[in-house]
Amino acid sequence: RKRKLTSSFCFCFALPWQCFRALCCKGPPPPRPEYDLVCIGLSGSGKTSLLSQLCSESPENIVSTTGFSIKAVPFQNAILNVKELGGADNIRKYWSRYYQGSQGVIFVLDSASSEDDLETARNELHSALQHPQLCTLPFLILANHQDKPAARSVQEV
């Protein structure tokens, strides 16, 4: 039998471990939902820097991704598992091999890049938007490097 004296204390007479368990052993907190994202963009657009910033890592010693990397980005209510794909010309043709299972896309572009690079980024973005595994997913398009003097505005991009 239990007698409840206050909302935080109880006295147990017959089965004390049940009382203790009910008060103290609520178990681990419920797991946060996890979402799988793919992060793409041309080389030098800032994908690695973005993920390092989101993971509160030091911005020093950042090296361009030559293949792919996966980072778990923790937030209070969710965890984002982000596959960052290298943006070099010889790697972009393999991007689609990593799209399966993605639940969203982060497309990073360098807003201060040359007209040619911006056109290449535009073509890669359009290709991703039309890809069967990505076309129904939410896209975040990040116009990075807005702090550079040659940066285009969001409207220009």
Side-chain angles (χ1 to χ4, degrees), residues 7-8 20-157:
S7 60
S8 60
F20 177 77
R21 188 168 177 224
L23 287 175
C24 302
C25 301
K26 295 180 181 178
R32 291 181 281 182
E34 295 189 24
Y35 301 97
D36 296 328
L37 305 178
V38 64
C39 182
I40 54 177
L42 300 187
S43 199
S45 61
K47 300 178 298 294
T48 306
S49 297
L50 168 68
L51 293 177
S52 293
Q53 181 73 30
L54 288 174
C55 291
S56 300
E57 296 174 352
S58 171
E60 298 174 15
N61 303 323
I62 291 178
V63 180
S64 287
T65 304
T66 54
F68 76 94
S69 71
I70 300 174
K71 286 199 185 249
V73 182
F75 289 96
Q76 184 176 356
N77 296 323
I79 297 173
L80 303 180
N81 297 311
V82 183
K83 275 188 267 186
E84 176 200 353
L85 308 182
D89 194 27
N90 60 339
I91 295 175
R92 290 194 305 261
K93 59 186 171 187
Y94 299 109
W95 279 358
S96 61
R97 295 181 183 197
Y98 296 91
Y99 291 165
Q100 186 172 0
S102 295
Q103 296 170 287
V105 180
I106 303 170
F107 189 91
V108 182
L109 64 92
D110 180 357
S111 61
S113 64
S114 69
E115 283 296 327
D116 288 344
D117 284 346
L118 194 59
E119 183 63 29
T120 302
R122 187 178 294 120
N123 291 335
E124 293 295 344
L125 174 60
H126 285 253
S127 178
L129 286 166
Q130 295 171 355
H131 193 278
Q133 290 178 316
L134 302 182
C135 64
T136 61
L137 301 180
F139 270 74
L140 168 66
I141 302 169
L142 179 70
N144 203 13
H145 299 140
Q146 288 290 306
D147 57 329
K148 292 185 178 180
R152 293 167 184 81
S153 68
V154 174
Q155 293 78 17
E156 291 173 303
V157 171

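Every value quoted in this text rests on a predicted model; they were computed, and no experiment measured them.
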Shortest non-hydrogen pair, K47 vs L85, comes out as CE-O, 3.1 Å

Looking only at heavy atoms, the pair that brings L137 and G104 closest together is CD1-N, 3.9 Å

Contacts satisfying salt bridge (charged side-chain N to carboxylate O under 4.0 Å, His left out) that involve residues 130-141 (not counting sequence neighbours) are none

Residue pairs meeting salt bridge (charged side-chain N to carboxylate O under 4.0 Å, His left out), one or both in residues 135-144, sequence neighbours left out, come to none

Side-chain atoms of residues 150-157: list all donor-acceptor pairs with protein atoms under 3.5 Å, sequence neighbours left out, distances to 0.1 Å.
| unit_1 | atom_1 | unit_2 | atom_2 | d |
| --- | --- | --- | --- | --- |
| R152 | NH1 | S111 | O | 3.1 |
| R152 | NH1 | S113 | O | 2.6 |
| R152 | NH2 | S113 | O | 2.9 |
| R152 | NH2 | E115 | OE2 | 3.1 |
| S153 | OG | Q155 | OE1 | 3.4 |
| S153 | OG | E156 | N | 3.2 |
| S153 | OG | E156 | OE1 | 3.3 |
| E156 | OE1 | S153 | N | 2.7 |

To the nearest 0.5 Å, what is the distance between [atom1] on [X] and [atom2] on [Y]?
X    : Y    : atom1 : atom2 : answer
L51  : T65  : CG    : OG1   : 8.0 Å
L142 : F107 : CG    : CZ    : 10.5 Å
L125 : Q130 : CG    : CD    : 9.5 Å
S52  : E60  : OG    : CD    : 11.5 Å
Q103 : T136 : CD    : OG1   : 11.0 Å
L80  : D36  : CG    : CG    : 9.5 Å

Distance-only criterion, 3.5 Å: show the donor-acceptor pairs between side-chain atoms of residues 37-45 and protein atoms not counting sequence neighbours.
| unit_1 | atom_1 | unit_2 | atom_2 | d |
| --- | --- | --- | --- | --- |
| S45 | OG | L42 | O | 2.8 |
| S45 | OG | V108 | O | 3.4 |

Check your understanding: Quick check: does any side chain N or O of T120 sit under 3.5 Å from a backbone N or O of D116, one acting as donor and the other as acceptor?
Key -> yes

| request: Can you establish whether the number of heavy atoms outside N61 located under 6.0 Å from its atom CG is more than 12? | output: no

A quick test of your reading: do over 12 heavy atoms of other residues, nucleotides or ligands sit less than 6.0 Å from CD of Q53? no

(message) Any heavy-atom pair between the side chains of I141 and L109 that's under 4.5 Å?
(response) yes

Name every donor-acceptor pair, under 3.5 Å, that has one atom in a side chain of residues 70-79 and the other anywhere in the protein, sequence neighbours excluded.
| unit_1 | atom_1 | unit_2 | atom_2 | d |
| --- | --- | --- | --- | --- |
| K71 | NZ | E57 | OE1 | 2.7 |
| K71 | NZ | E57 | OE2 | 3.0 |

The complete set of side chain to side chain donor-acceptor pair (under 3.5 Å) pairs with one or both residues in residues 91-102, sequence neighbours excluded, reads D89-R92, R92-E124

